[in-house]
Amino acid sequence: MPRRVGILGGMGPQATVLLMSKVIAAVSAADDRDHVPLIVDQNPQVPSRIARLIEGTGEDPAPVLAAMARRLEAAGAEALAMPCNTAHHFAPAIAAAVTIPLLDMVTLSVAHAARIAGPDGRVGVLASPALRRIGLFDGRLAQAGLTAVYPDDEAALLGAIRRIKAGNADAEARAAFERASAQLVAAGVATQMIACTEFSLIADSAAEGARAFDTLDVLVGAIVDVSLARDA
């Protein structure tokens, strides 16, 4: 039987629905029972990661995320996944709250980047400025012999994230994302990591010449592998 995977969702809600759709699409199924069973805690009331990590205000998300993890384990989840890159700053609190594994999107994505990065080892990171501030990817990329490179106009990216969270995955948000991707390409950084699940909703707007991959897709692959006991 497939293993049940618990999803710590709601960050944001559309990204969680996108994850579920991608998991369904990733399975070659002849019947309903062939699909990955998911238990989803769609909790948009998780305290703002942006407010906590960028603005220095607001409630700590860690206790809320830990409580979600415990609920999912109690409901029968055999592994956990969280479709929010920034929230992985709080992954240690989540892992400490349960006895089941958390599929770490950061670790998985760094391993993927190492497989596809160019010879200079530079990886563009298209994400919330919070990721750069907390160094979420930097240390682990460095351990893999890679260097994180960020777009210059992070304020524009944050503005695009806020628009998407407000339900506006529109031309303005797409243009800001494309400009950031193009700036990285112009700087010689073609390998790019889409490391914000809001940007997963507009991932097709990456600039021409970018070798972009979505951390959400990496997580989807891990969810399917764990659930269906595939070799990773």
Side-chain angles (χ1 to χ4, degrees), residues 3-13 15-16 19 38-114 123 125-148 150 161 193-200 214-223 225-227 232:
R3 295 185 180 92
R4 287 169 290 184
V5 179
I7 306 299
L8 291 89
M11 303 169 280
T16 304
L19 171 82
L38 299 175
I39 306 172
V40 181
D41 189 343
Q42 178 78 301
N43 185 8
Q45 281 70 49
V46 175
S48 170
R49 285 69 58 204
I50 290 173
R52 183 73 176 185
L53 299 174
I54 296 180
E55 299 165 2
T57 62
E59 183 184 347
D60 183 0
V64 177
L65 293 169
M68 291 169 67
R70 286 191 292 267
R71 286 198 299 269
L72 288 165
E73 183 175 30
E78 298 165 86
L80 298 174
M82 181 167 58
C84 177
N85 290 270
T86 307
H88 277 72
H89 177 69
F90 309 101
I94 296 168
V98 293
T99 62
I100 56 177
L102 171 67
L103 303 177
D104 190 322
M105 183 158 55
V106 176
T107 298
L108 293 164
S109 297
V110 167
H112 184 78
V123 178
V125 182
L126 295 160
S128 163
L131 264 69
R132 184 175 191 171
R133 186 162 300 185
I134 63 178
L136 185 67
F137 279 95
D138 297 51
R140 282 187 250 190
L141 284 168
Q143 289 174 359
L146 304 173
T147 301
Y150 296 88
I161 291 169
M193 175 188 299
I194 300 171
C196 174
T197 50
E198 266 67 55
F199 291 150
S200 298
D214 191 342
T215 60
L216 188 68
D217 290 332
V218 175
L219 183 61
V220 165
I223 289 169
D225 288 343
V226 165
S227 177

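Heads up: numbering here begins at 1 and tracks the sequence. What you see below is based on every heavy atom in this structure, not just the backbone, and it leaves out hydrogens, waters and symmetry mates.
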Between Met68 and Met82, is a side-chain contact (heavy atoms from CB on, under 4.5 Å) present by the stated rule, with each step listed?
CA-CA 11 Å; Met68 291 169 67; Met82 181 167 58; over 6 Å; no
Would Arg132 and Val125 satisfy side-chain contact (heavy atoms from CB on, under 4.5 Å), going step by step from the backbone distance to the final call?
CA-CA 9 Å; Arg132 184 175 191 171; Val125 182; over 6 Å; no
Determine, stepwise, if the pair Cys196 / Leu126 fulfils side-chain contact (heavy atoms from CB on, under 4.5 Å).
CA-CA 7 Å; Cys196 174; Leu126 295 160; over 6 Å; no
Any chance you could lay out the side-chain contact (heavy atoms from CB on, under 4.5 Å) test for Val46 and Val64, step after step, and finish with the verdict?
CA-CA 6 Å; Val46 175; Val64 177; 4.2 Å; yes
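Here Arg3 contributes atom CZ and Ile223 contributes atom CD1; the two are 14.0 Å apart, rounded to the nearest 0.5 Å. The distance from the CD1 atom of Ile194 to the OG atom of Ser200 is 6.5 Å, given to the nearest 0.5 Å. Between atom CG of residue Leu219 and atom SG of residue Cys84 there is a gap of 11.0 Å, rounded to the nearest 0.5 Å. Distance CZ/Phe137 to CG/Leu146: 12.0 Å, rounded to 0.5 Å. For the atom pair Ile7 CD1 and Leu19 CG, the distance stands at 5.0 Å (nearest 0.5 Å). Rounded to the nearest 0.5 Å, atoms CG (Asp138) and CD (Gln143) are 11.5 Å apart.
Remark: side-chain polar atoms of Glu198 are not paired, donor with acceptor, to backbone N or O of Ala15 under 3.5 angstrom. At least one donor-acceptor pair under 3.5 Å links the side chain of His88 to the backbone N or O of Met105. With hydrogens and angles disregarded, no donor-acceptor distance shorter than 3.5 Å links the side chain of Thr86 to the backbone of Arg49. No donor-acceptor distance shorter than 3.5 angstrom exists from the side chain of Asn43 to the backbone of Gly10, with no hydrogens or angles considered. In this structure a side-chain-to-backbone donor-acceptor pair under 3.5 Å is present from Glu78 to Arg4. Remark: side-chain polar atoms of Glu73 are paired, donor with acceptor, to backbone N or O of Thr99 under 3.5 angstrom.
Between Leu136 and Asn85 the shortest heavy-atom distance is CD2-O, 3.1 Å. Nearest heavy atoms, Leu53 versus Arg133: O-CD, 3.4 Å. Taking every heavy atom of both residues into account, Ala91 and Leu102 meet most closely at CB-CD2, 3.8 Å. The two atoms that bring Tyr150 and Leu131 nearest to each other are OH-O, 4.2 Å, heavy atoms only. The shortest heavy-atom contact between Leu141 and Ala113 is CD2-CB, 4.4 Å. Nearest heavy atoms, Leu72 versus Ile39: CD2-O, 3.3 Å.
Between Asp60 and Pro47, the closest side-chain pair of non-hydrogen atoms is not below 4.5 Å. With a 4.5 Å cut-off on side-chain heavy atoms, Pro61 and Arg52 count as touching. A 4.5 Å side-chain heavy-atom check between Ile94 and Leu8 finds at least one atom pair inside the cut-off.
Here Arg140 pairs with Asp104 in a salt bridge; the nearest charged N to carboxylate O distance falls below 4.0 Å.
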